[in-house]
Structures are given as C-alpha cells and as structure tokens.
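For reference, the structure discussed in these notes is given below.
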Protein chains: 2
Amino acid sequence: MTKHVKGAEALPLNQIIAGDCIDVMNSLPAASVDLIFADPPYNLQLKGDLHRPDNSRVDAVDDHWDQFSSFRAYDEFTAAWLKAARRLLKPNGAIWVIGSYHNIFRVGAALQNEGFWILNDVVWRKSNPMPNFRGKRLTNAHETMIWAGKSEDSKYTFNYEALKALNEGIQMRSDWVLPICNGHERLKDSKGDKAHPTQKPESLLHRVLVGSTNPGDVVLDPFFGTGTTGAVAKMLGREFIGIEREESYRTVAAARIAKVRKFDREALSVSVSKRSEPRVPFGQLVERGMLRPGEELFSMNQRHKAKVRADGTLIGDDVKGSIHQVGAALEGAPSCNGWTYWCFKRDGKTVPIDVLRQQIRAEMREQ
Amino acid sequence: MTKHVKGAEALPLNQIIAGDCIDVMNSLPAASVDLIFADPPYNLQLKGDLHRPDNSRVDAVDDHWDQFSSFRAYDEFTAAWLKAARRLLKPNGAIWVIGSYHNIFRVGAALQNEGFWILNDVVWRKSNPMPNFRGKRLTNAHETMIWAGKSEDSKYTFNYEALKALNEGIQMRSDWVLPICNGHERLKDSKGDKAHPTQKPESLLHRVLVGSTNPGDVVLDPFFGTGTTGAVAKMLGREFIGIEREESYRTVAAARIAKVRKFDREALSVSVSKRSEPRVPFGQLVERGMLRPGEELFSMNQRHKAKVRADGTLIGDDVKGSIHQVGAALEGAPSCNGWTYWCFKRDGKTVPIDVLRQQIRAEMREQ
DNA sequence: CGTAGAACTGAATCCAGGG
DNA sequence: ACCCTGGATTCAGTTCTAC
C-alpha cells in the first residue's frame, strides 16, 4: 500500500524498507509522518566477557551495529538521523527515542539541539531486569524514553483519557513498570537463539501508540529490528513504515507482522502483578527518618533489645543482621517476622514497628 | 574546622562558603574531595544565573538570545562547573548530579565529555508527585540522578552490602521510590513560605551517602541551597563543604545543620562485603595441620575429587594447581571459588573447607 | 497427566591486589 | 606499566526434565 500526499510523492505504508535509515528517510516525502519511534544503537562499549555467579556466560550485545569509535562518531550519527527524522515529521508530529545511560544523554541533548521540544522523559522500570552479577554497581533496572514534539509549538497528540484508563483511572505517570520481553513473545531464529538481542516488549509500544497517536496515523520506525513497532501499530489500526538494514531482522519482522490481527489484544496482556501489599524494606523507615540510626528497638516480650544501624540492619549483643535475622537469633528460633516482633518507644509508649510500615503503605495507596 | 592536605592548602570542612561555586571550587586544593553531590540550577529563564567559562555574565536582555544560544550558554556553564568539580575530586572520587529532562541530558553529555565515567543513572521515583493539572502530558513523577566516577579507572566507593541491607536483602536497583520533601522536613522562611523551591529529601541523600561514601569522607555540594547534603553528611559522620551564593539559603542551612546530631559510631557501621575480610592462603590449612597432605577433597557436587599436597596445591586426574585452578579445570568453568567448591570428610560427615577458613579468621579477630 | 525441581536467560560500560 | 591469580558475585521469571 502507498499513500499519496501533497507533493505527489508516494509514502510506502506497512512495509519494511531495506537500507540505511538516513538514506531511506531522505528519500521519503517531507512532513508526511505523524510519529516516529526510534530504538537506536546504545553504544554499550562492553569490554570483556561477563559471567554469572554460576559461571554461565552472559550473551552480550556485541553486534557490529552497536560499535562506534568514539562519542564524537556517535554524536554525528545521532544528529544525522535526527535531522532526517525531523524533516519527515508533520508540523504537529512527535518522536519517541529509547536508550540507556550509555547513550540517552547524548540523544537527549541532540534532540534539543535539532529543535525538538521535550514533552516528557519516561522511565521504563523493568519488573525483571538482569541483576548486577559482580555487585559493583546498582542493578540497571530501567531504560529511558524521551518524548518530544517536532518543535516547541507543535500541537502534539496526547490521549490523556486513554492512558488514564490504562492506568486504572489514575493519571498516567512518567514511570512505567513493565516486564522485559521474554517467553513466547521473544522471537527466536531457526536455531532457537533469540532473533534480535534487544527486542522491546509489545506492552511498551502499546502504551506509546495509544497515548500519542490516533487510528490511521503514520508511525515510522527507523531502527525496525524485529518489528515490535509495526506489530503493535497493526494491532492498533495505525499505519507503519519500518526501515531496517539487516536482512535477517527484516525476514523475522515480516513473518511476525503477517501473523498479527488488528485489535489482537491477547498479545498485549501484561502479566498483572499480584494484588498483594507492596514490599516495604525496613531500611526505608531509617532513610525516611521514621526511626533514627542508634535508636533502640525492643522485642514484643520486652526480653531483648537491639540498635538500629544506618543501613537498616540491627545490632544486638553479638548479633547483626536484618530485623528478621536478629529476632530469630535472639529467640533461638529458625525464623522470625521482625515486623511484628520489634517495637520502638515514642512519648513513653511502646509502638510496634509495623505501624510505620502501614503508614508508608497508606501513603503509597493515596496516589 | 580546616583540614591540611598534601600541598599545605587548607580544606574548609563543615562550612558553608559564600560565593560563585566555580570561583570557590577553583580556590580549593585539587584532589581533596571524595564525593560531590550537585543539584545544579536548570531554570533557563534565569539567564542571569548563567556564566560563561571566562566568567562573563550572559546578558539577559541580549536580542540574540534564542533557544539555541540558551542551550549553548547552559552547556558552557555546565562544562565550567564540572571542570572545576573534577579538579577537586581525588582520583578515586565520584560525583552525583540530579536533574530533570530540562537539563539532565545536557549534564550527562557534559559529564562524559569531561572524562567522567558514568556508573549508573538512578531514577528517583516520587511517591507523591505534583499531578499534571492541565492533562496535556504525563505526570512528571521522577527526577534523574547520574552517578559517575572521576575517570574510567576510578576505584569508586560502593557499599554494596549496605545498600542491599537497606533493601532487605535484595540488590539495590537503579529506581528509588522515595517521597518528596514536605511536612516538617520542608524548611519554611519567616513568612511561612518554603525556604527553597527544590529542597531535596534527606532520604535521598541518606541512600547516596551510605552507598557511595565511608565515614570521614569529604563530601562537597557546589549548589548547597538549604543544605540537605550537609545535614545528612553530619548525621552520617561525613565531612561536608557547602558552596552557596544566596545569603538567605546559607542562613537557613546553617541553622538547620547546627540542630543536627551525629549518629553514634555503632549506628554508623554498616554491613560489609566478604571482600573486605583478610585473605587466608589455603596452604595455611595444611601448615597448621587442619588438613593433612594426602587427604582427599571432594567437590560440592560429589562428582570430582583431588588430593591435598604438602605445598597447599591439589592434584586430581591430570590436573595440578590451586584449589581454584583445579576446581575450574574439573568443571570446565572459566573460574571457580575453591573455598566453596571443595569439602573434606570428618567422622563420616562432609564439611566445606570454608569452615576452616572461617575458623582462622575468627582467631585473627580475637587478637 | 500433573508437579517439583533443575536449567536457563535478560541492552551489562560488572575485580583487586601482588609481583 | 603489565601479568597473573585468588576468589566474590544474582533476581524474576520461563522453560525444560524427571518422576
């Protein structure tokens, strides 16, 4: 299918175009696209191998397309594809770009330099990220998306009520908790290996497209990969244009999209987290000043006491550890629920620490 | 209090220094600070706040002022204070910078350009953000912090076990859910208005300082504001240096910090990693007769065995070497922790050799 | 057939210290 | 500076295998 726009050039809709995205974008008619979703190379700069504690090797992103000789080279690449992308956007068009700390700051600055107007940065909080195996940094548990209008005065599309509905009637926030793409959704090649190292979950694109496009809008993805953007666009009744350099990815994407039915909501069902109470680490009571480091806690039976430390552990006579561990040790029990075991004193009264946890949970429910 | 460092220049500790942060930082001795926490301004309307690297002021009524020159001026300001900050850091020092989508991408790119090495970007997920009243965008529910080492090979401080303890035994992630600063913690001026527009919560600084400094470390905050960094540093037994241009903020901060009490020493101790335990050569177990030369060791999975030699090496089928080397070779693994891999037999029971190491370490602690 | 437990996996800038 | 070696280090899943 092609679509004719003012200027008589044809727009190749619902196709995957082979080639370098900058060249291809430059060959398409200007001001013809409503939304761009881009998942560019992150320039991860990985060095050696990484092993899990069980000695298995992590299958890293070592593909040639992620290699850049320097930040400067990456910046030039970024400016070039953003320029081409901006030309394609209608005046009221918008763009989403996803990245990690390796590249997102350079991408964000480049967006601003090119005249895009940032509307929000959105954090994808992964419910099941890969841990930091060596314990040398924080678990890298999120990626960042930037949502920007073509210019400061673009009348961008924002379906406020639709997103609010997706969020159980509460205004959608800038942090989205979604699982990574695995299980059956993760596309495999003929050998059973993952077809693409960085396939994005459809739930993420669902939220992006519901929130910032209308049915019939044209969505372009210059780094199409295995076509998550195209698959979700088709389900949601949006038109897509994919650009992808690697033949193997194009093949997988084409087969995938062919199987998609419009309004195929089944594929989007995000595993709903159990409706259980949120976990509140004891350390949070300390960080938030509800209990002071050095303060004494007393056991329910008044037989034992222990001091709170700055890291949210307790120290008693010859025992250190979590509220549960210290409670268990002092009672000589195999286990102990520290939340119901320990109390603190306020104004002469003895108060169970669980009261403070309830307080935090109540706050969390409010918004 | 001042502290004298190599080079005979005095470091003004636990003081709030009046002045422009770039000038003040340039007047302090190089390589003298362990950590910098910075919450730089990012209101682009306050053009008078911006300084070029040559210290000339950006003219707010400049006719040529547009979006582009505004970004350029902000970039120059950012590069200038980051350069000054980097000079102050010890080789193994690190920096935290907090910002929002208005400025954080420019700050992140500048950090990388100046040679800092990003360790994590951390999302502060606000549990009670201000809603988006007009319903034109997503609720801006987070801010971004960047944690970076002075250089790629900095041996930065990371108290992994302490943060894990704060999170009740689960590795700390890059997204931190903490409430915004309000209630009693929020400082008010004499008229009852908030004393500072963007006062950060102490819980945020608690986590930053527990995780990336040790007691006694010097923490500098070039945009001190009402002194959250100083207040938490004092509580946690860290030394602080604050720089603030506005007298009203300095006054509020000084009064605030004077009221803070340091936690006692025991409360400041945190959970430590096994890595900090003294090293015990396996040969010592043999020398001390805890294991006899010729004795057989068995792998944890019971699949392999090897004999102890008099020099503290093992000999198995076709392999000789350290407990680690033989374990790795037998398992075909890239590496192996021999201490947890090998067991010996005593009175019919299988005992991990690590028990003997712990015995030696306990003896070492006694004296 | 169902269930329990083992195996596997994910955009990762993932070691420190002695010779 | 490099080279070598000891030895510390994981969370939330999904899929596979054994019984």
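These numbers were taken from a predicted model, which means no experiment stands behind them. Just so it is clear: chains get the letters A, B, ... in the order the sequence lines come, proteins before strands, and each one is counted from 1.
Using a 4.0 Å heavy-atom criterion, one finds that Arg173(B) contacts no nucleic acid atom at all. No contact: Phe282(B) has no heavy atom under 4.0 Å from any strand. If you check every strand for non-hydrogen atoms under 4.0 Å, Ser322(B) touches sugar and phosphate atoms only. At a threshold of 4.0 angstrom between heavy atoms, the contacts of Pro281(B) with the nucleic acid are absent.
At whole-Å resolution of the value, CG in Leu285(B) and P in dG7(D) are 10 Å apart. Following rounding to the nearest Å, Asp354(B) (CG) and dG6(D) (P) show an atom-to-atom distance of 16 Å. Atom-to-atom, CD1 of Ile323(B) to C1' of dG6(D) comes out at 8 Å; the value is rounded to the nearest Å. Spacing between atom CG of Asn128(A) and atom P of dG13(D) amounts to 6 Å, rounded to whole angstrom units. His184(A) has its NE2 atom 8 Å from the C1' atom of dT15(D), to the nearest Å. As rounded to whole Å, 14 Å separates atom P of dA8(D) from atom CG of Asn55(A). Atoms CG (Leu163(B)) and P (dC11(D)) sit 13 Å apart, rounded to a whole Å. Atom CD in Glu185(A) sits about 14 Å away from atom P in dG10(C), given to the nearest Å.
Judged purely by atom type and a 3.5 angstrom limit, Trp124(A) has no side-chain atom pairing as donor or acceptor with the backbone of Val177(A). Remark: side-chain polar atoms of Asn159(B) are paired, donor with acceptor, to backbone N or O of Thr213(B) under 3.5 angstrom. When atom types are taken as modelled, the side chain of Asp311(A) and the backbone of Ser271(B) share a donor-acceptor pair closer than 3.5 angstrom.
Nucleotides dT15(D) and dA11(C), compared at atom C1', are 22 Å apart to the nearest Å. dT17(D) and dC1(C) are spaced 15 Å apart, taking the C1' atom of each and rounding to whole Å. Distance noted for atom C1' between dT13(C) and dG13(D): 25 Å (whole Å). Spacing between dG17(C) and dT9(D) at atom P, rounded to whole Å, works out to 14 Å. Taking atom P in both dG6(D) and dA12(C), one finds a spacing of 30 Å when rounded to whole Å.
Residue Pro129(A) is the one, among Asn182(A) and Pro129(A), whose nearest nucleotide of DNA chain D lies closer to the 5' end (criterion: closest heavy atom). Between Thr139(A) and Gly183(A), the residue anchored closer to the 5' end of DNA chain D is Thr139(A), taking for each the nucleotide with the nearest heavy atom.
Separation of the Tyr156(B) and Trp117(B) ring centroids does not fall under the 6.0 Å cut-off. The six-membered or imidazole ring of Trp65(A) lies near that of His196(A), with a centre-to-centre distance under 6.0 Å.
Against the 90° criterion about 0, the sugar-base torsion of dT14(D) places it in the anti range.
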Assign a letter to each nucleotide of nucleotides 11-19 of chain C from its 5' end: B, base within under 4.0 Å of a protein heavy atom; S, sugar-phosphate only; -, no contact.
BBBBSS---
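The side chain to side chain contact (heavy atoms under 4.5 Å, CB included) with Ile146(A) is formed by just one residue from the set Ile95(A), Ile98(A), Ile118(A); it is Ile118(A).
For Phe105(A), there are no ring-ring contact (aromatic ring centres under 6.0 Å, His included) partners, not counting sequence neighbours. Applying the ring-ring contact (aromatic ring centres under 6.0 Å, His included) rule to Phe68(A) yields the partners Tyr74(A), Phe77(A); only residues at least two apart in sequence or on another chain are considered.
With no hydrogens or angles considered, a side-chain donor-acceptor pair links Asp121(B) and His142(A) at under 3.5 Å. Looking only at atom types and distance, the side chain of Gln112(B) has no donor-acceptor partner in the side chain of His102(A) under 3.5 Å away. Arg86(B) and Ser151(B) share no side-chain donor-acceptor pair at under 3.5 Å.
Pairs engaging residues 36-62 of chain A under the ring-ring contact (aromatic ring centres under 6.0 Å, His included) rule: none recorded [sequence neighbours left out].
Using the six-membered ring where Trp is involved, Trp339(A) and Phe282(A) have ring planes that are perpendicular, over 60° apart on the 30 and 60° scheme.
Taking the side chain of Pro53(A) as heavy atoms from C-beta on, and the options dC11(D), dG6(D), dT10(D), the nearest nucleotide is dT10(D).
In this structure, His324(B) does not reach the dG6(D) phosphate: none of its side-chain N or O atoms is under 4.0 Å from OP1 or OP2.
For DNA chain C, no neighbouring residue in residues 333-343 of chain B is found when judged by any heavy atom under 4.0 Å.
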Pairs under 3.5 Å (Watson-Crick or G-U), crossing ones as [ ], inter-strand ones as |: DNA chain C comes out as .|||||||||....|||||
